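What follows is a set of notes on a single structure, which appears directly below.
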Amino acid sequence: MTTALRVPEELSARVPAEQRGKGLDRDAVRLLVSRGTELSHHGFAELPGLLRAGDLLIVNTSPTLAAAVDGRIGHARVVVHFSTRGDDGRWAVEVRDPDGRGTTRARAGGPAGTEVRLPGDVRLVLEEPLTGRSPRLWWGRVSEPGGPVSEADVPGPAADVLRLLGRHGRPIRYSYTERDQPLSAYQTVFALPAADGAGSAEMPSAARPFTARLVAALVSRGVQFAPVTLHTGVASAEAHEPPYPERFAVPETSARLINAARAGDGRVVAVGTTAVRAVESATGADGVVRAAEGWTDLVVTPERGARVVDGLLTGLHEPEASHLLMLEAVAGRAAIDRGYEAALRGRYLWHEFGDVHLILPEEAPHTEHCSSNCR
């Protein structure tokens, strides 16, 4: 990404689209479309006309958790962001300082043994950094009065933390937003409750503009949907670190749908970088998608390339964000640079409540638009 690009503060989307005017819905955002280095400007509601029968959208079904909880370290107020649940019952957490405006700012992590007092007399003890790359995220263990809560003591996996989030949590909010929003504002139309209560610390936001009405219009046009799951952790708002391991699942039915679309004339378009990470983690070197679940530490880069995904629907990321390497892997650097320059000139809005970017493969002139307009 061109380092000269800087996103002005006024281009941050401060509230959801449906709160910007009377009668608006989630799909009242703008849609920048890139086909190679060719660009066009649309409203998101025009998406069905930009896709065609046989195209397939990969969507992330992970629900968003109320992952931010107030706490104290000694007499100091802090906010804990619960990010990712480990297999051993610990949670990867980020401890931040309140900034006096209802949001937070970064603080140094740790040290080991630090105890955070949470509501309901719950305690969180920080044990060790998540990785050696950054002190931001730490593995921590939660205990309730009377000692650590083991999974044998509660009716379901991670019920201790999930109870805490259900009673005292709120959605993670960053400083560019105007005010707190209900958890429902952070759920996409594709979100499904997980059997074990798992979810994403931050919304898989590329899918936020979809409405039930728009999904029905896409289905009527012959566009198919392949659900996958990736529970995304807390992003690095300041340092733009690469993603760390996250839980994912690609079911057998979705793997078959994706392979069938690739065998035909359909384009495989991922809705969000989380969907790319999930499906590419389930794809072999032969380009075949197979059912898979577990943890993925895959980082899709231009050097590695995208094996399955032809296109990508995504929000607008900061120029320093590691997600942009994935966009370059799908479309090439020239296309992404040109798209972002156009987004800045066109005053598109950034972040989770902002506008979106549809990246499609460049088509030969004699076939372009025919499948969608010659019916």
Side-chain angles (χ1 to χ4, degrees), residues 33-36 47 50-62 188 190 200 204-207 210 218-219 222-232 242-243 245-315 317 322-333 335-336 339 356-364 367 371-372:
V33 179
S34 294
R35 293 183 179 88
L47 181 63
L50 297 166
L51 300 177
R52 60 197 187 206
D55 285 346
L56 181 107
L57 294 176
I58 305 173
V59 296
N60 187 0
T61 63
S62 178
T188 74
F190 304 111
S200 289
S205 56
F210 284 88
L218 287 162
V219 171
V223 175
Q224 294 183 297
F225 291 83
V228 300
T229 301
L230 187 135
H231 298 311
T232 184
E246 294 166 319
R247 291 176 179 269
F248 83 102
V250 175
E252 178 66 35
T253 52
S254 293
R256 290 177 181 173
L257 281 169
I258 296 166
N259 291 329
R262 298 194 72 228
D265 295 327
R267 297 169 294 186
V268 176
V269 179
V271 178
T273 57
T274 60
V276 176
R277 198 177 192 207
V279 72
E280 292 286 334
S281 297
T283 304
D286 57 1
V288 176
V289 182
R290 298 173 177 85
E293 61 180 314
W295 292 88
T296 178
D297 59 1
L298 176 66
V299 178
V300 179
T301 64
E303 292 73 26
R304 188 259 188 197
R307 295 172 178 171
V308 171
V309 173
D310 300 310
L312 176 60
L313 180 70
T314 181
H317 304 281
S322 60
H323 293 301
L324 290 174
L325 291 175
M326 181 184 292
L327 273 60
E328 291 179 18
V330 174
R333 179 164 182 171
I336 301 306
V356 282
H357 186 190
L358 176 61
I359 301 167
L360 293 174
E362 196 169 8
E363 295 183 328
T367 61
S371 295
S372 57

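Because the structure is a prediction, the values reported are computed rather than measured. All heavy atoms count here, side chains included; hydrogens, waters and symmetry mates do not.
Using bins of under 30°, 30° to 60° and over 60° for the plane-to-plane angle, the ring pair Phe225/Phe190 lands in the tilted bin.
Using a distance-only test at 3.5 Å, with no hydrogens or angles considered, no donor-acceptor pair links the side chain of Thr229 to the main chain of Thr61. A side-chain donor-acceptor contact under 3.5 Å links Asp310 to the backbone of Val268.
Within the 4.5 Å cutoff, the side chain of Val309 has no heavy atoms near those of the Val300 side chain. In this structure the side chain of Leu327 reaches within 4.5 angstrom of the side chain of Thr273, judged on heavy atoms. For the pair Arg35 and Leu50, the minimum side-chain heavy-atom distance is below 4.5 Å. With contacts defined as side-chain heavy-atom distances shorter than 4.5 Å, the pair Thr296/Leu230 qualifies. Here the side chains of Glu280 and Arg304 are in contact, with some heavy-atom distance below 4.5 Å. Contact check for Pro361 versus Arg267: side-chain heavy atoms found under the 4.5 Å cut-off. For the pair Ile359 and Ile336, the minimum side-chain heavy-atom distance is below 4.5 Å. Between Phe210 and Val59 there is no side-chain heavy-atom pair separated by less than 4.5 Å.
Residues forming a salt bridge (charged side-chain N to carboxylate O under 4.0 Å, His left out) with Arg307 (at least two apart in sequence, or on another chain): none. Not counting sequence neighbours, the partners of Ala282 by the side chain to side chain contact (heavy atoms under 4.5 Å, CB included) test are Phe248, Val250, Val289, Ala292. Judged as a salt bridge (charged side-chain N to carboxylate O under 4.0 Å, His left out), and not counting sequence neighbours, Glu293 has no contacts.
Residues Gly36 and Ala335 approach most closely at O-CB, 3.2 Å, considering heavy atoms. Taking all atoms of both residues into account, the shortest heavy-atom contact from Arg262 to Gly287 is NH1-O, 2.9 Å. Here the closest heavy-atom approach between residue Val228 and residue Pro251 is recorded as CA-CD, 4.4 Å. Across Val276 and Ala270, no two heavy atoms sit closer than the pair CG2-CB, 3.4 Å. Scanning all heavy atoms of the two residues, the minimum distance from Ala206 to Gly315 falls at CB-N, 4.3 Å. Taking each heavy atom of Ser200 and Ser62 in turn, the nearest pair found is OG-OG, 2.7 Å.
Partner of Ile258 under the side chain to side chain contact (heavy atoms under 4.5 Å, CB included) criterion, chosen from Val279, Thr253, Thr283: Val279.
Rounding to the nearest 0.5 Å places CD of Glu246 at 11.0 Å from CG of Leu298. Atom CG of Leu51 is separated from atom CG of Leu56 by 10.5 Å, given to the nearest 0.5 angstrom. The line from CG of Leu360 to CG of Asp55 is 8.0 Å long, rounded to the nearest 0.5 Å.
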